[in-house]
Each structure stands twice: as C-alpha cells, then as structure tokens.
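Before any comments, here is the structure.
Count residues from 1 along the sequence. Note that these values count all heavy atoms, side chains included, but never hydrogens, waters or copies made by symmetry. All of these numbers come straight from a predicted model, not from anything done at the bench. When a ligand or atom number is given, it counts from 1 through the structure's own listing order.
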Amino acid sequence: MDLLVVGGGGREHAIIKKLRENSKVGHIYALPGNGGIAADAECIAIDAKDIEAIASFAQEKHIDFAVVAPDDPLVLGAVDKLHALGIPCFGPESSAAMIEGSKSFAKELMKKYGIPTAGYTVITSYDDAKKYLQKAQYPLVIKADGLALGKGVFILEDQETALATAKRILVDKMFGASGEKIVIEEFLTGPEVSVLAFTDGNTIVPMVSSMDHKRALDGDAGLNTGGMGTVAPNPYYTDEIAQRCMEEIFLPTVQAMVKEGRPFKGCLYFGLMLTAKGPKVIEYNCRFGDPETQVVLPLLETDLLDIMMAVEEERLSQLEIKFKDGASCCVIMASEGYPQSYQTGYLITDNSPNDAIVYHAGTKLVDGQVLTAGGRVLGVTAIAHDLPTAITKAYDAVSKITFANAYYRHDIGQRALQALQNK
Ligand code: AMP
Ligand code: GLY
C-alpha cells in the first residue's frame, strides 16, 4: 500500500515511523516532511495547507490511504477533498474539525450537551469586551476564536492587561481572521492531562494519557510554546478519573458531534484539567498532539495502519487496541529564542544511542547534511519499564546531540515523578 502523510513536524515523523512497522506499507510520501522524515519517507515540497496540490498529488500517485495530521489542512477541508476523489483517509472532515477550528463552536457544543468546561462568554467587539472586562473577576483567560499556532491563549491577571490583549486581538487583528471573536473564560486550576483518542464517530478508544510541558523555560517559566516535552502515562490520570472522563466527556462529545451532523472520525485530542470539581475540558484538538504523539505512539502495540483503516471504515469496535506497559519521555530540543525569534541553518550532530528515538521537527536536509530549520528542532524520546528510566534515557540521548544555539528544558517529567512519589 502506498501512503501519503500530510505535515512535516515531530508528530508526523512519529506517525510515519509507526506506519513503517506495517509490512503491507510500500511507499510513504510526506508533504512536505522534513530533514529526518526524509530517511523514512519520500518528502515532496507541497505545503500542508495547499489542499488542491495535495489532492492532485494523491490522485496522480494512486495513493491507497492518506493521513492528514495538522490542524490547518483538516480545518481547510483536506479530508473532504481526498474523500471526494475516492481516497480513504485518517482525519476528520472540515465540519468536524471545527471542534478545534473555532473555540466558540467548541464551547457552545459543551454548553449544549452538558460537557464540563470552564464558564465563558463569546465577544465580537472591543466595546463589549471593555464592558465585560471592567466587571470581571481576575485572573481570567482570553482566547482567540480560530487557529493561532498555539499562541492564541492569554492568562490575564488584571483589567489593564486584559483590555490591552482584547484590543490586540479584536482591533489590531494580531491573529487576522482567527481573532474576529474572542472567548473569555473562567480561570481553572489543577493538573493538566492530554488524552488522544481514536474515534470512528461511534466508538471511542482513548490512548495512553500524557503530560505536556507548554512553557519555554524550566519550572514552567517563560512563554507558552507548542510544547517543550512530554511524558506518558500521566500519573494524575487514575483509572477512576479515566472512567469519569469516558462517561462525562469522551462519549458525550462523540455523540454530540453526531447529533450536530458533524460525526468526528480520526484522532480527537482532549486537553483536560483535573479541577477540585472534577475533570473539565480546556481544549479540543481535531488531531494528534505535538509532542504528545511522540510519547504515545512508541507505546502503541497494535498496528497503527490497521487502527486508522478501522476508523475510516467505521469498524473500530471490532478492534482490540493495546498499549505496552512502561513509560516514555520526549525532550524537545529547540532553537534558542523559540517561541519568539531564533536562527536556523546549523548543522546537527547526532551520536545518540540506538535505543532512543530522535523525531525530527524543524530540520532540513541540505547536500546530505541535516540542518536546523525551525523553533522546535528535535523530539528526543525514550521508552522504558518505568518513568524515571525513560527520563534518564531521553536526557542521556539529548546530551549526545549537538547543534549551535540548542535549547531544551532540564525538568521534563519532574512534576510527574513528584506525583508518582505522592501516590
Ligand atoms: P491551549 O492553547 O488552549 O492549550 O491553552 C494553553 C494553556 O493555557 C493550557 O494548557 C492551560 O495551561 C492554559 N489554559 C487554557 N484555558 C485555561 C483556563 N480556562 N484556565 C486555566 N488555564 C487555562
Ligand atoms: N501539545 C499541544 C498541541 O498539540 O496542541
């Protein structure tokens, strides 16, 4: 079978490496891929947002199955377009991808179907924002409605900064059309858990839970990023909480999407906060998380392509999906300066041991050499029988990789270890 994977980050590298484990897989094309993916797939210089070019390429190459991984092409309708050409795909159609594409849609869905989430209001003008923010309780959270590369969420401590933020989004249009509306939310506290789940629209099968580390610097200081590292499983996510999430959040969400005429097929990502009042949804994503995928997929025992095909053919209930015991840790090696400005084009030297997996994110191949080409450069992952060993192995591998201006957090997994000790 010839496959096509849309995307070119660490998440896509993890998906491609896992798909390669299936002996039926022949050629894999990555659109656009990156410097490391080039070792596992043929990289084609087609932008992940260029839906027309993706569709013509898939047709020309007689692709048997396509995986659309990033949010933008999903929201823009890549799967709809491929389906129209008769090409089976993994990923939701755009009407279902709306669950990530519009935060106000997601909030209204949760309100309508009684799915626990932070209290909120949706606002479309700066005048209304002013009225609301003058009377509000702080801290509170302001979110741009549309996609914003993970940069559209602001936690505000006081009225002055909240007003300035609302103005930058609604008036100065810092996120363009993604900021035509804002969602203002109640500020929640508690440990965060990421749960990715396979769903075919009816059945939903959660994968092993994980914990992201979103801030740029050690000790959760610094700016929000796309994610600086992950561990799986997440020790806060007990069996009891998992069952509650299934009953109160996962099944109701899948059923709500069917009732809304937007059945969701693909990977549904639940960003959860375990508050004193129970688990609540912080965000939905219509796709695998990055870098959650880099710790979750190495623990998956069942064949990924078999699962993806079962999702597409709506027979997920017939499949048993198994995960390995043990734990995994992924440390992101980034370019100094990320998530703001940074320099690229530096040579990467990788002497990491074979038992670590080095997923490439922002890299490119130039004349046979792998160079840095993005903010998040590598996702260095290790799996082991327990979390402390996985963390040690991942950091050992990191210490054997060098490139100029490399930056990484030193405390990935420490909060999870503390939670394990307190159990
Ligand atoms: P997101 O980009 O939606 O994942 O949000 C980024 C981060 O902002 C989350 O991981 C949370 O840490 C934080 N956050 C988002 N919404 C809330 C909320 N209602 N209360 C507290 N923290 C939040
Ligand atoms: N790691 C968070 C995300 O993929 O959105």
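A salt bridge links Asp128 to Lys131: one of the charged nitrogens lies within less than 4.0 Å of a carboxylate oxygen.
With respect to atom 12 (O) of ligand 1, the closest heavy atom belonging to the protein is Glu192 OE2, 2.4 Å. Here the heavy atom of the protein found nearest to atom 14 (N) of ligand 1 is Ile282 CG2, 4.2 Å. Ranking protein heavy atoms by distance to atom 8 (O) of ligand 1, first place goes to Val153 CG1, 3.6 Å. Atom 13 (C) of ligand 1 has its closest protein heavy atom at Ile155 CD1, 3.9 Å. Of all protein heavy atoms, the one closest to atom 4 (O) of ligand 2 is Asp290 N, 2.9 Å.
Counting heavy atoms under 4.0 Å from ligand 1, residue Glu186 touches it through the backbone alone. Contacts of Asn285 with ligand 2, taken as heavy-atom pairs under 4.0 Å, involve the side chain alone.
When the shell of 6.0 Å around CD of Gln343 is examined, it contains 12 or fewer heavy atoms from other residues, nucleotides or ligands.
On a distance-only criterion, Lys214 and ligand 2 share no N/O pair closer than 3.5 Å.
Ligand-side atoms of ligand 2 in range of Gly226: 1 (N), 2 (C), range being under 4.0 angstrom from any heavy atom. Below 4.0 Å from some heavy atom of Glu283 lie the following atoms of ligand 1, by number and element: 1 (P), 3 (O), 4 (O). Those atoms of ligand 1 that come under 4.0 Å of a heavy atom in Val141, given as number and element, are 16 (N), 17 (C), 18 (C), 19 (N), 20 (N). Atoms of ligand 1 lying under 4.0 Å from any heavy atom of Phe187, numbered from 1 in the order shown and given with element: 20 (N), 21 (C).
Checking side-chain atoms of Asn34 against main-chain N and O of Gly8 turns up a donor-acceptor pair under 3.5 Å. With hydrogens and angles ignored, the 3.5 Å screen pairs no side-chain donor or acceptor of Asn202 with any backbone N or O of Pro263.
Classification of the Phe175-Phe154 ring pair by plane angle, with boundaries at 30° and 60°, yields tilted. Using a 30° and 60° split on the angle between ring planes, Phe288 and Phe198 fall in the perpendicular class, above 60°.
In the candidate list Thr189, Leu188, Asn224, Ile142, Leu188 is nearest to atom 21 (C) of ligand 1, counting heavy atoms. Distances from atom 3 (C) of ligand 2 to the heavy atoms of Gln294, Arg287, Glu100, Arg11 show the closest one on Arg287.
Checked against the 6.0 Å centroid criterion, the rings of Phe270 and Phe250 qualify as a close aromatic pair.
In this structure, Met211 and Tyr237 have side chains that are not in contact, with every pair of non-hydrogen atoms separated by 4.5 Å or more. At a threshold of 4.5 Å between non-hydrogen side-chain atoms, the residues Ile412 and Tyr395 count as touching.
At least one heavy atom of Tyr269 sits less than 4.0 Å from an atom of ligand 2. The closest approach between Gly289 and ligand 2 falls below 4.0 Å for a heavy atom of the residue.
The side chain to side chain donor-acceptor pair (under 3.5 Å) with Asp411 is formed by just one residue from the set Arg409, Gln414, Arg415; it is Arg409.
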